[in-house]
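Order of listing sets the numbers, starting from 1, for every ligand and every atom in it.
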Amino acid sequence: MTHRKKLIAGNWKMNKTSADAAALVRELTAAAGQRTDVEVVVCPPFTAMEGVSRLLDGSNVRLGAQNLHPEKNGAFTGEISADMLRALFVSHVILGHSERRTLFGEQDAFINQKVLAALKNQLRPIFCVGETLVERESGATLTVVQTQLEAGLAGVSREQAADVIVAYEPVWAIGTGKVATTEQAQEVHAFIRTLLTKLFSEPVAQKIRILYGGSMKPANAPELLAQPDIDGGLIGGASLEARSFLELVTAAAVK
Ligand code: 13P
């Protein structure tokens, strides 16, 4: 079986001024900056990105963005392009997050353009999928995840696919303290890997990391991360403090 290095990514969402971000990153790099057993990514808001990028220089912690616009440049007020991110040494970008889908009306086709633009520009998409509570309760979880996954990854080549990271984030578990049970999470992760096998190939699907996101905390992480198809976490609330985020990094390092 392919060994997939675990990945712990912090999605800071709309939190932290540049000064707050710098303080947090200093703590993170001091404690985990030289780790090679877990891949660590932080995704600050755009305003903090340049300062964080400078602080990450020389460490193994990677820089991620929370969004991008698929066009190269132009009249897109308020948007940020892949080129702008690359210029700050960004390596990852969160795309299709449920907050972008529900609060900002992003649809599968637009998210797909973003995924393709990220890959074309050597940015690794952390591509999010997940069902709402109503969808789960009506038994539509797997159909919803399949639709989002197939639409979001349309046109991605087999070669590009190995750079994709998928995040399964059940919407009802985000910021609610309600975590999916390990069985619920593993079931969807295994389903996603089967879909990836069909879309690309078995070896490619075995390489792709599938992260869990939704109220992941030091207390529930070890059990989730021990599942065969859970390759890391996309962390919101618990990534805003060094202590809890570092505990999650440590949990991911345990074999
Ligand atoms: P919480 O960890 O705060 O539930 O957020 C998860 C998330 O949305 C990460 O992208």
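- Of the protein's non-hydrogen atoms, E169 OE2, 3.2 Å is the one closest to atom 7 (C) of ligand 1.
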Show me the donor-acceptor pairs within less than 3.5 Å that the side chains of residues 69-78 make with the rest of the protein, sequence neighbours left out.
unit_1: H69; atom_1: ND1; unit_2: E71; atom_2: N; d: 3.0
unit_1: K72; atom_1: NZ; unit_2: D83; atom_2: OD2; d: 2.8

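- Residues L103 make up the rest of the hydrophobic cluster containing F104, defined by ILVMFWY side-chain heavy atoms closer than 4.5 Å, directly or through other members.
- Each of the atoms 4 (O), 6 (C) of ligand 1 lies under 4.0 Å from some heavy atom of G214.
- Screening R193, K5, K207 for a salt bridge (charged side-chain N to carboxylate O under 4.0 Å, His left out) involving D231 leaves a single residue, R193.
- Distances from atom 10 (O) of ligand 1 to the heavy atoms of K13, H97, M216 put H97 nearest.
- Short contacts between ligand 1 and N11, defined as distances under 4.0 Å to a heavy atom of the residue, involve ligand atoms 9 (C), 10 (O).
- The shortest N/O to N/O separation between K217 and ligand 1 does not fall below 3.5 Å.
- Checked by atom type, the side-chain pair Q66/H97 shows no donor-acceptor distance below 3.5 Å.
- Between T176 and ligand 1, no N or O atom pair is found at a separation short of 3.5 Å.
- The pair R101-D108 counts as a salt bridge, with a side-chain nitrogen and a carboxylate oxygen less than 4.0 angstrom apart.
- Using a 4.0 Å cut-off between charged nitrogen and carboxylate oxygen, R136 and E131 count as a salt-bridge pair.
- Ligand 1 has no atom lying under 4.0 Å from any heavy atom of A238.
- The G237 neighbourhood of ligand 1 comprises atoms 1 (P), 2 (O), 3 (O), with distances under 4.0 Å to a heavy atom of that residue.
- Within the structure, ligand 1 has A173 among the residues with a heavy atom less than 4.0 angstrom away.
- Results of the side-chain contact (heavy atoms from CB on, under 4.5 Å) test with F245 over L24, V42, T250, L240 single out V42 as the only residue that passes.
- Side-chain N/O atoms of E241 and S244 include no donor and acceptor closer than 3.5 Å.
- When the options G236, G175, G233 are ranked by their closest heavy atom to atom 4 (O) of ligand 1, first place goes to G175.
- For L234, heavy-atom contacts with ligand 1 shorter than 4.0 Å involve the backbone as well as the side chain.
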